[in-house]
Every structure is written in structure tokens, then in C-alpha cells.
Amino acid sequence: MTLPAEKINGPILTATTQTQLRTTIDGWKEQGLTVGFVPTMGALHEGHLSLVRLALEKADRVVASIFVNPTQFAPHEDFDTYPREEEKDIAELENAGTHLIYLPSANEIYPDGPASTLKAGKAAQGLETDFRPHFFDGVATVVHRLFEQVKSDVAVFGEKDFQQLQVIKEMVKTKDMPIDIIGAPIVRDEHGLALASRNAYLSDAELQMARQLNKVLYQTASSLRAEGEAIQSGLPRRSDDLLAMTDKAKEQLLEVGFDKIDYIESRWDRTLAAAWIGKTRLIDNMEI
Ligand code: PAF
């Protein structure tokens with residue numbers, strides 16, 4: 001992608017401390033430039049780069065952070081083995097047009113030691129929280145801390161983590177933070193699989209199975225849409241019919257080889273799912 005001349009800012013800058021971050025961002029603000037922010041945990045793929053591109057459309061300068069946040073992992077989860085590919089990530093962020101990469105140490109984010117000091121709001125209830133109770137408090141804490149440090153005008157998050165996006169929108173509203181939160185569409189591979197850093201854990205055979213998740217979700221969301229239209233047109237429907245649709249989806253996933261389904265549920269305007277293949281947990285969602 002070629003950037004318009006006014007967005008080119010020389011070679012990519014990096015900051016590892018708040019002081020370095022502020023020097024650059026305050027300089028931009030003095031020039032009247034707007035700032036977009038893309039927080040990540042690294043192990044980047046096309047989905048992350050699409051967030052950077054969207055941020056470039058919304059702001060004059062784009063900051064991306066790479067920080068594998070310890071407070072959003074439970075002790076039994078994959079914090080230690082989470083893929084870390086910093087050099088490759090930096091090169092890809094630079095190619096996508098990022099102006100500044102923030103690479104904080106854990107101490108820069110958690111000077112008093114890693115702990116979730118913020119409680120996520122109502123959007124965090126159910127779905128992910130039923131299975132990862134620690135998760136959204138950790139996400140809300142780190143995102144709040146990063147927002148305070150970066151002070152961008154907008155921040156972009158992927159719609160793949162749809163509940164996370166709602167949690168962050170709610171947090172910004174509750175805390176009255178002056179930042180626009182923008183959701184970016186899910187990026188999928190040619191078979192419809194939502195791109196995710198944890199897809200790297202899948203073997204070839206598991207990848208084939210994983211590609212069924214979006215197909216089953218698509219069918220479920222389509223059936224629910226038809227059911228919704230029937231309800232709107234006044235046809236009688238029972239709530240067990242709706243439940244039967246998500247139950248059928250769960251059965252289909254188990255039949256193609258998924259090991260465990262955490263949930264398939266409809267909320268907001270989406271059908272959302274989390275399911276396991278071996279030790280890999282996949283999430284996805286489809287608009288109804
Ligand atoms: O979606 C992610 O990658 C992470 O949850 C986030 C928002 C960067 C916070 O650590």
C-alpha cells in the first residue's frame with residue numbers, strides 16, 4: 001500500500017518507555033496531527049495489519065503496541081508459550097504504514113506488579129467470562145493503561161473478539177475517556193477461517209477441522225435470521241426452536257472433530273462461538 005505524502009513520517013519509530021512515547025506523540029499533537037492506536041499482543045497476521053490500515057484512514061499518525069499481557073492469561077493458559085515474533089512483527093507493522101511501535105516492558109505497564117486493577121463492565125457477563133473468568137478484567141486493565149499512556153484520538157479493535165470490543169466500548173464510556181473505538185471486520189482465509197495468532201498451534205488436519213467453524217456459524221446465523229424474520233412477521237415460534245438451532249450447530253462441530261464446545265450463543269446482532277480442537281481454543285462470530 002502507498003501512503004499519501006502527508007502520512008509519511010520517515011522510518012518507523014520505536015518506544016519502550018512512556019517518556020519516549022510522549023516525546024513523539026506530543027510532538028505530533030503540537031503539529032495538529034491526529035493519532036490512531038492499534039494495541040496488539042504480537043504474533044501478527046493480516047487481521048492485525050487490516051487494523052493498522054483502518055487506523056491510517058482515521059488518523060494522521062498510527063501507533064501500534066506489542067505487549068503480551070500477563071493479566072489476561074490464567075495460570076494454566078498459554079502465556080509462556082504464546083507465539084513471540086517481534087522482529088517479523090516490527091517489519092510487518094512498518095510495511096503496513098505504522099509510524100510508531102510501542103514495546104513496553106511489563107514494568108512500564110504494571111509498575112506495582114502484574115494485577116488486574118479494573119473490573120470489566122456488563123458486556124463482560126457470560127460467553128467468554130463463563131470459561132475465562134479472569135480474561136476481561138485483564139484486558140480492561142491493560143487497555144485502560146495503554147490508552148492513558150498513548151492518549152490517541154481513536155483506537156481500532158478487531159470484531160473477531162466481538163465481546164472484547166463491547167467490553168472496551170463500555171469501559172471508555174464509563175471512564176469518560178476521549179477516544180473513539182472503531183471495530184474492524186474479521187479477516188478470513190480463503191476457506192473462511194477467521195485469522196488468529198493461535199491458529200499457528202493447529203496441525204494441517206486440525207486446520208481442516210477449524211475451517212468448519214465458520215461454515216457451521218454461517219448456517220446457524222442464517223437460520224436465526226430467518227427465524228427472526230418469521231417472528232417479526234407474526235408467525236408463532238418457541239424459544240426451544242432457537243435453542244435447537246445452536247444445539248444442532250454444536251453437534252455438527254463435534255461430528256467434524258471438534259473436541260469441546262464452550263458456547264454457541266446469540267447476543268448483540270451476532271452468533272458467537274468458542275470451541276476447542278485439541279489444545280487450541282478458537283473463537284469466531286457471524287452477523288445474524
Ligand atoms: O486482542 C488482543 O490482542 C488483546 O486482548 C489486547 C486488546 C491487545 C489486550 O492485550
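Position 1 is the first residue of the sequence; numbering continues from there. Atoms within a ligand are numbered from 1 in the order they appear, just like the ligands themselves.
Ring geometry, Phe147 versus Phe37: the interplanar angle exceeds 60°, so the pair is classed perpendicular (tilted spans 30 to 60°).
For the residue pair Thr16/Gln20, the side-chain donor-acceptor check at 3.5 Å is satisfied.
Considering both main-chain and side-chain atoms, Gln72 comes within under 3.5 Å of ligand 1 through a nitrogen or oxygen pair.
A distance-only check finds a donor-acceptor pair linking the side chain of Asn69 to the backbone of Gly138 [under 3.5 Å].
In the vicinity of Val142, heavy-atom distances shorter than 4.0 Å reach the ligand 1 atoms 9 (C), 10 (O). Close approach of ligand 1 to Thr40 (heavy-atom distance below 4.0 Å) involves ligand atoms 8 (C). The contact set between ligand 1 and Pro39, taken as ligand atoms under 4.0 Å from a residue heavy atom, comprises 8 (C).
In terms of protein heavy atoms, atom 3 (O) of ligand 1 is closest to Met41 CG, 3.8 Å. Annotation: atom 7 (C) of ligand 1 to nearest protein heavy atom, Gln164 NE2, 3.6 Å.
Taking the charged nitrogens against the carboxylate oxygens, Asp262 and Arg132 have no contact shorter than 4.0 Å, which rules out a salt bridge. A salt bridge links Arg281 with Glu128: at least one charged nitrogen is closer than 4.0 Å to a carboxylate oxygen.
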